[in-house]
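Note sheet for the following structure.
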Amino acid sequence: MPIPSQNDFLRPFLTILSDGQTYTRSQLQHRLVKHFGISDEDARQMSGKQLTLVNRLAWCDAHFVKAGFVNKRQHHADSLQDQFRITSLGIRELNRRPEKITVGYLQGFYLGKVHRGAGSDDTTSDAELELYEAFEKLPDEFTVFHSVKWFAKARGTVGEIDFLIAHPQRGVLVMEVKGGVIKLENGDWYSTDRNGRTSGIKDPCEQSERNRRALSDWLADDFRTKRFNYALFPAVALPDSRVDRDIRPDCPQDIFIDMRHLPDLPARLDQIFDYWQAHADARNQRMDGQAAIAALVDLFVPSRQLQPRIADVFERERRKIEELTQQQFLILRVLRMQKRAAIVGGAGTGKTMLAMEKAQQLLDADYRVLFLCFNQNLKQWLESSLRHPNVTVATFHGAVGTIINWTGVRKPPGNFYEQAADLLTDATQALQAQQSDKLFDAIIVDEAQDFEDTWWIPLPDLLKDPDNGVFYVFFDDNQRIYTQISNIPMSSEPLLLSDNCRNTQHIHARLSPYMQERHETVCLGPEGRPVEVIGAETPQAARRALQSLLNRLVNEEGIRTEDIIVLTAASEKRSQWKQDEQLGNFILSWYLDTEMELAVRVASIFSYKGLENAVVILTELDMVSRGEIQSQLIYVGMSRARHHAVVIGRLPEPQQPPAV
């Protein structure tokens with residue numbers, strides 16, 4: 001049977017890993033064979049060809065690992081025992097965009113040696129894919145561009161260069177790639193693919209020379225490159241064939257890469273450059289070094305800068321710190337075997353992400369799920385993320401309001417906040433008496449540290465099976481801002497999350513002294529930038545500092561306004577930051593869901609618990625005078641930052657609670 005294409009392999013490969021288990025290469029190969037209905041005989045035949053089932057699996061490995069969708073643990077002796085595990089980024093993209101998981105899409109997630117040109121998409125041939133991977137391993141002095149499209153300056157023709165291989169001293173090879181077994185008959189070129197089909201192809205030597213001339217015209221004309229000298233030479237790659245003699249005078253074997261050269265490409269590239277330097281005309285005898293290479297990058301891949309803006313750095317960091325750690329997958333596996341558990345972890349250890357993942361697993365198993373949290377803003381975000389008819393997302397008081405409406409329990413006069421637990425007790429008794437289908441199969445509570453003791457009493461009775469139904473709580477004792485005692489109703493010891501996978505190391509180190517409970521937390525994120533403190537003694541100075549900071553972050557460093565949050569220790573009423581206040585071109589908004597252009601969102605630290613953003617700007621920290629609460633607010637506020645935290649004003653010293 002025909003071997004499925006590389007893109008056909010990608011989605012099944014990732015789907016197999018989507019259960020969070022670790023699979024060896026051998027296990028994946030067996031499952032893929034079964035998925036495609038490949039017989040043992042077909043599999044044996046495929047394994048004997050150059051572009052085989054084994055190679056397809058190897059390319060899945062290479063693309064998914066480089067894109068950050070999959071983690072690999074390499075076996076020291078046997079590649080079939082290499083272990084693979086999906087990351088949270090892989091889970092997210094598989095759930096959100098399964099139809100987009102193709103080679104071209106994955107290449108957009110990683111920054112390697114090969115720069116992707118405008119034509120680098122999913123029409124890329126198998127031969128180009130093989131060379132793409134090989135060129136990624138070239139020494140650092142080489143710069144490679146894949147699939148560069150061009151329009152002729154004068155004649156209106158168009159073309160595409162398969163690869164440009166640039167060296168700062170030796171020159172630039174303009175390479176045409178042809179896959180399959182190549183043959184010539186009466187001057188015509190033919191390629192026979194792995195399935196035995198033969199088709200006519202264009203003359204690669206002629207294509208390469210034509211592309212070289214067009215590139216020369218472009219470089220001589222464009223403002224970025226015209227001041228540099230470029231030594232441009234044609235080259236041809238036939239990775240499935242062997243060239244052992246000159247084809248014709250303008251097509252010598254010395255300019256070819258064939259299947260013999262793939263194990264040592266640097267040596268072959270040196271040989272091709274040696275040939276051309278001995279045969280170069282006057283225009284191609286000088287190459288102007290790394291500055292000329294930088295100009296090529298600017299010309300062909302203008303969005304990729306040699307000195308990336310902070311926004312580009314944040315994107316690379318995001319891919320690293322979004323990965324589920326081995327510890328988190330272990331806890332997910334433990335929760336499969338435990339119907340009730342408490343999970344404790346500091347800020348950034350992935351509690352909310354794990355709670356959402358567990359909720360999704362339960363929903364996929366047709367459970368009816370109640371997902372509770374404390375913070376209204378977090379509730380709104382969870383509601384938009386967990387879209388399923390069998391899930392109810394609510395704050396505790398929101399859930400009470402909904403449930404008493406279901407049962408007809410009347411709310412007496414007085415303070416609803418204080419009466420909520422009693423009202424829920426009455427409502428759950430009515431639901432249990434009716435054996436109502438409104439009861440839940442599972443309850444998940446996030447931000448459990450802020451739930452009051454009395455709230456826990458009626459919650460189990462919202463389950464169809466109050467004694468044995470699924471009940472998970474996630475909490476962080478360092479974030480007990482609202483209540484200082486959290487009586488989590490679980491008899492077993494809590495499961496501990498100790499890997500910080502949200503913050504950079506600089507942010508984690510700066511917020512650690514503000515922790516009240518010293519669970520040992522290890523930061524797995526990238527180094528990042530130091531926390532920035534901008535002095536401001538007066539409200540006017542703070543206003544100027546914020547305006548200047550926003551201008552730098554957005555206009556100079558390329559951060560989107562939606563990736564910035566201004567947090568204050570004050571309430572909206574007490575804060576100096578007012579709704580629709582204008583700071584230069586920016587407008588402050590206390591509405592987190594605003595779609596206003598150039599709006600910068602503002603929130604109190606209290607209301608932003610459980611949420612996060614790329615850049616967090618902490619302000620008005622002096623609005624809270626009590627040292628212990630101030631330290632908790634700083635801990636919560638600073639830990640909301642994934643990549644960069646900035647303090648405007650004074651950063652108070654950490655205050656530990658008094659010893660008991």
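FYI, side chains are in, hydrogens and waters are out, and symmetry mates aren't considered; it's all heavy atoms of this structure. Nothing here was measured: the structure is a model prediction, and the numbers come from that model.
A salt bridge is absent between K578 and E572: the closest approach of a Lys/Arg side-chain nitrogen to an acidic carboxylate oxygen does not fall below 4.0 angstrom. A salt bridge links K609 to D450: one of the charged nitrogens lies within less than 4.0 Å of a carboxylate oxygen. Between E612 and R640, none of the side-chain N atoms (NZ, or NE/NH1/NH2) sits under 4.0 Å from a carboxylate O, so this pair counts as no salt bridge.
Between the CD atom in E653 and the OG atom in S631 there is a gap of 9.5 Å [rounded to 0.5 Å]. Interatomic distance, W456 CH2 to F451 CZ, rounded to the nearest 0.5 Å: 5.5 Å. The distance from the CD atom of E532 to the CD1 atom of I648 is 9.0 Å, given to the nearest 0.5 Å. Between the NE2 atom in H643 and the CZ atom in R529 there is a gap of 8.0 Å [rounded to 0.5 Å]. In this structure, CZ on F145 lies 6.0 Å from OG1 on T143, to the nearest 0.5 angstrom. Note: E556 CD to L550 CG = 12.0 Å, rounded to the nearest 0.5 Å.
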* Walk me through it: do I617 and L567 pass the test side chain to side chain contact (heavy atoms under 4.5 Å, CB included)? => CA-CA 6 Å; I617 303 171; L567 295 182; over 6 Å; no

* Would you sort out whether L335 and I343 count as a side chain to side chain contact (heavy atoms under 4.5 Å, CB included), showing the intermediate values? => CA-CA 10 Å; L335 294 184; I343 299 92; 4.2 Å; yes

* Begin with the C-alpha distance, continue with both residues' side-chain angles, and end with the deciding distance and a verdict on side chain to side chain contact (heavy atoms under 4.5 Å, CB included) for L651 and I634. => CA-CA 9 Å; L651 179 61; I634 293 170; 4.0 Å; yes

* **Derivation and outcome, side chain to side chain contact (heavy atoms under 4.5 Å, CB included), residues V445 and Y472** => CA-CA 6 Å; V445 180; Y472 301 128; over 6 Å; no

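Proximity of a side-chain donor or acceptor of T594 to a complementary backbone N or O of Y591 within less than 3.5 Å is not detected. Panel note: side chain R601, backbone I564; no donor-acceptor pair is recorded below 3.5 Å. Between the side chain of Q290 and the backbone N or O of P168, no donor-acceptor pair lies under 3.5 Å. Proximity of a side-chain donor or acceptor of N613 to a complementary backbone N or O of V616 within less than 3.5 Å is not detected. Between the side chain of S607 and the backbone N or O of A603 there is no donor-acceptor pair closer than 3.5 Å. Judged by distance alone, with hydrogens and angles left aside, the side-chain atoms of R552 form no donor-acceptor pair with the main-chain N or O of S548 at under 3.5 Å. Checked by atom type and distance alone, the side chain of E620 never pairs as donor or acceptor with a backbone atom of A569 at under 3.5 Å. A donor-acceptor distance shorter than 3.5 angstrom exists from the side chain of T402 to the backbone of G398, with no hydrogens or angles considered. Using a distance-only test at 3.5 Å, with no hydrogens or angles considered, a donor-acceptor pair links the side chain of N375 to the main chain of F606. Panel note: side chain R85, backbone N71; no donor-acceptor pair is recorded below 3.5 Å.
Looking at every heavy atom in both residues, A570 comes nearest to S604 through O-CB, 3.4 Å. The minimum heavy-atom distance linking V533 with R510 is given by the pair CG2-NH2, 4.0 Å. Across I444 and K358, no two heavy atoms sit closer than the pair CD1-C, 4.2 Å. Looking at every heavy atom in both residues, L299 comes nearest to R224 through CD1-NH2, 3.5 Å. Of all heavy-atom pairs spanning V473 and A448, the tightest one is CB-CB, 4.1 Å. Here the closest non-hydrogen pair linking Y417 and N415 is N-OD1, 2.8 Å.
Using a 4.5 Å cut-off on side-chain heavy atoms (C-beta onward), F371 and L382 make contact. Residues E357 and I91 form a side-chain contact, since some pair of their non-hydrogen atoms from C-beta on lies under 4.5 Å apart. A 4.5 Å side-chain heavy-atom check between V369 and T392 finds every atom pair outside the cut-off. Annotation: side chain of T352 is not in contact with side chain of F474 (no heavy-atom distance under 4.5 Å). Between R543 and Q540, the closest side-chain pair of non-hydrogen atoms is not below 4.5 Å. The closest side-chain heavy-atom distance from Q360 to M356 is not below 4.5 Å. Residues L372 and T395 are not in side-chain contact: their nearest non-hydrogen atoms beyond the backbone lie 4.5 Å or more apart. Side-chain atoms of L621 and T619, non-hydrogen and from C-beta on, never get closer than 4.5 Å to each other.
Residues Y635 and D476 bring a donor and an acceptor atom of their side chains to less than 3.5 Å of each other. When only modelled atom types and interatomic distance are considered, T225 and W218 share no side-chain donor-acceptor pair under 3.5 Å.
Ring pair H397/F416 is perpendicular by interplanar angle, where above 60° counts as perpendicular and below 30° as parallel. Note on ring orientation: taking the six-membered ring where Trp is involved, the planes of F396 and W455 are parallel (angle under 30°, cut-offs 30° and 60°).
Summarising the local packing, CG of N405 is surrounded by more than 12 heavy atoms from other residues, nucleotides or ligands at distances under 6.0 Å. More than 12 heavy atoms of other residues, nucleotides or ligands shown are found within 6.0 angstrom of CD on E99.
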